[in-house]
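Residue numbers count from 1 along this sequence.
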Amino acid sequence: PLGIADAGDFLHSDLSTRPEPSNLTILHAIKNPSRGGDTEFVNMYNVYDALPDELKRAVTGRDAWHHTSKLKNPRVMISGERADAAEFYKRLEATVPDQLQPMVRTHPDTGRQALYVSPRFTLRIDGMEPDASEALLGRLFAIMRDKRHLWRYKWRDDDLLMWDNRCLCHRATGGYRLPDTRRMHRTSVAGEKAFYRA
């Protein structure tokens, strides 16, 4: 078994920090806590479609840098329940490079465009001044959090859920504490390099 107290606690797309991110995630609920443990999803097709034209122009054809380390990301924090977290993320920073991804991703099967950024893994926009980058990302993340785009899944034991990381973001909502446990079996399906095609 593996897992950490604050895993998946901010909206993200699985493995966007790798050159070839995961296409699909399969999660099987073995044991759910007595309360909490939901998963929240955001449809990134809908988010892209909802962007005002000026925001679409601002992100289309641009790239952003992604990384796993919470120490590099000003929008996230480390759980106080993880005494070793800072050292863990420092090791990652020393061994894993930042990864460049398109901000708008074309789905290879549907041909639709989806916004491809996340509060958890997207650090900054390539080629943009830090303040301007953070301001633009903040506007995008606010639209992602709009209730129109959110769907919350309440797990039951033995549920099996699959989702497409190329057009969805998700987060674990937490809300449970030891000795209560949440046990999930996860499969990540390998993917291809993300791309944008007009």
Side-chain angles (χ1 to χ4, degrees), residues 2-27 39-45 47-48 59-79 81-82 84-108 113-128 130 133-134 136-141 143-145 149 161-174 184-197:
L2 53 93
I4 51 180
D6 56 351
D9 55 347
F10 292 88
L11 284 169
H12 65 284
S13 176
D14 284 343
L15 305 180
S16 71
T17 58
R18 296 189 178 181
E20 295 180 345
S22 170
N23 277 357
L24 182 74
T25 297
I26 305 167
L27 204 55
T39 302
E40 197 168 60
F41 291 89
V42 177
N43 183 323
M44 300 302 282
Y45 285 146
V47 172
Y48 177 76
V59 298
T60 299
R62 293 201 82 115
D63 296 319
W65 292 98
H66 294 232
H67 199 278
T68 305
S69 176
K70 287 188 171 183
L71 298 176
K72 297 181 89 164
N73 189 335
R75 290 174 299 280
V76 300
M77 63 191 129
I78 299 170
S79 168
E81 297 177 25
R82 292 183 61 197
D84 66 335
E87 287 306 315
F88 170 76
Y89 287 126
K90 284 177 187 173
R91 283 194 305 275
L92 279 178
E93 288 178 24
T95 58
V96 179
D98 293 358
Q99 181 61 51
L100 200 60
Q101 299 289 4
M103 293 183 71
V104 178
R105 182 175 186 174
T106 304
H107 197 291
Q113 311 294 8
L115 189 66
Y116 195 60
V117 296
S118 74
R120 173 59 184 91
F121 293 135
T122 306
L123 304 178
R124 65 194 178 284
I125 299 170
D126 188 50
M128 190 175 276
S133 170
E134 195 59 28
L136 178 51
L137 288 172
R139 291 181 68 192
L140 297 172
F141 298 150
I143 294 169
M144 284 175 66
R145 291 185 191 100
H149 310 304
L161 197 61
M162 298 184 289
W163 64 87
D164 191 331
N165 288 296
R166 298 167 293 187
C167 56
L168 290 175
C169 276
H170 64 284
R171 76 176 186 99
T173 62
M184 301 286 198
H185 288 180
R186 185 179 82 169
T187 300
S188 295
V189 178
E192 67 281 323
K193 187 168 177 54
F195 64 90
Y196 168 75
R197 182 181 299 134

Colleague: With a 4.5 Å cut-off on side-chain heavy atoms, are N165 and M44 touching?
Modeller: no
Colleague: Mind checking what makes side chain to side chain donor-acceptor pair (under 3.5 Å) contact with Y45, not counting sequence neighbours?
Modeller: T110
Colleague: Side chains of H149 and N43: closer than 4.5 Å at any heavy-atom pair?
Modeller: no
Colleague: Under 4.5 Å between any side-chain heavy atoms of I78 and L71, yes or no?
Modeller: yes
Colleague: Hey, what do you get for NE2 (H107) to CG (D164), rounding to the nearest 0.5 Å?
Modeller: 3.5 Å
Colleague: Using the test salt bridge (Lys or Arg N to Asp or Glu O under 4.0 Å), find all partners of R197 that sit at least two apart in sequence or belong to another chain.
Modeller: none
Colleague: Drop me the distance from Y196's OH to Q113's CD, to the nearest 0.5 angstrom.
Modeller: 5.0 Å
Colleague: Applying side-chain contact (heavy atoms from CB on, under 4.5 Å), can you list everything that pairs with T17, at least two apart in sequence or on another chain?
Modeller: H66, T68, F121
Colleague: Taking only residues two or more places apart in sequence, or in another chain, which ones meet T60 in a side chain to side chain donor-acceptor pair (under 3.5 Å)?
Modeller: none
Colleague: In this structure, are over 12 heavy atoms from other groups packed under 6.0 Å from R75 atom CZ?
Modeller: yes
Colleague: How about M144 and P119: do any of their side-chain heavy atoms sit closer than 4.5 Å?
Modeller: yes
Colleague: Closest heavy-atom contact between V189 and S22?
Modeller: O-OG, 3.0 Å
Colleague: Can you tell me how far the CZ atom of R171 sits from the CZ atom of R145, to the nearest 0.5 Å?
Modeller: 9.0 Å
Colleague: Specify the closest pair of heavy atoms between L24 and M162, including all atoms of both residues, with the distance to one decimal.
Modeller: CD1-CB, 4.3 Å
Colleague: Going by the rule side-chain contact (heavy atoms from CB on, under 4.5 Å), which residues pair with R186 if we only count those two or more places apart in sequence or in a different chain?
Modeller: D14, T25, L27, S188
Colleague: Can you sort out the partners of Q101 under side chain to side chain donor-acceptor pair (under 3.5 Å), two or more places apart, ordered by chain and number?
Modeller: none
Colleague: Nearest 0.5 Å, what's the OG1-CG distance between T39 and L161?
Modeller: 7.5 Å
Colleague: Under the side-chain contact (heavy atoms from CB on, under 4.5 Å) test, which residues partner P108, sequence neighbours left out?
Modeller: R166, E192, F195
Colleague: Of all residues at least two apart in sequence or in a different chain, which pass the side chain to side chain donor-acceptor pair (under 3.5 Å) check with Y116?
Modeller: R105
Colleague: What pairs meet the salt bridge (Lys or Arg N to Asp or Glu O under 4.0 Å) rule with one or both residues in residues 93-103, with sequence neighbours excluded?
Modeller: K72-D98, D98-R124
Colleague: Does N73 offer a backbone N or O that forms a donor-acceptor pair with the side chain of H67 under 3.5 Å?
Modeller: no
Colleague: Could you tell me if the side chain of R120 sits less than 4.5 Å from the side chain of V76, heavy atoms only?
Modeller: yes
Colleague: Could you list the residues that satisfy ring-ring contact (aromatic ring centres under 6.0 Å, His included) with W163, not counting sequence neighbours?
Modeller: F41, H170
Colleague: Using side-chain heavy atoms (C-beta onward) and a distance below 4.5 Å, is Q99 in contact with P19?
Modeller: yes
Colleague: M128: which residues meet the side-chain contact (heavy atoms from CB on, under 4.5 Å) condition with it, sequence neighbours left out?
Modeller: R62, I125, A132, S133, L136
Colleague: Could you pull out the closest heavy-atom pair between D63 and P102, with the gap in Å?
Modeller: OD1-CA, 3.3 Å
Colleague: Grab the two heavy atoms, one from C169 and one from S118, that are nearest each other, plus how far apart they are.
Modeller: SG-CB, 4.2 Å
Colleague: So which heavy atom on P74 is nearest to which on E134, and how close?
Modeller: CG-OE1, 4.2 Å
Colleague: Any chance you could measure I26, atom CD1, to M184, atom CE, to the nearest 0.5 Å?
Modeller: 14.0 Å
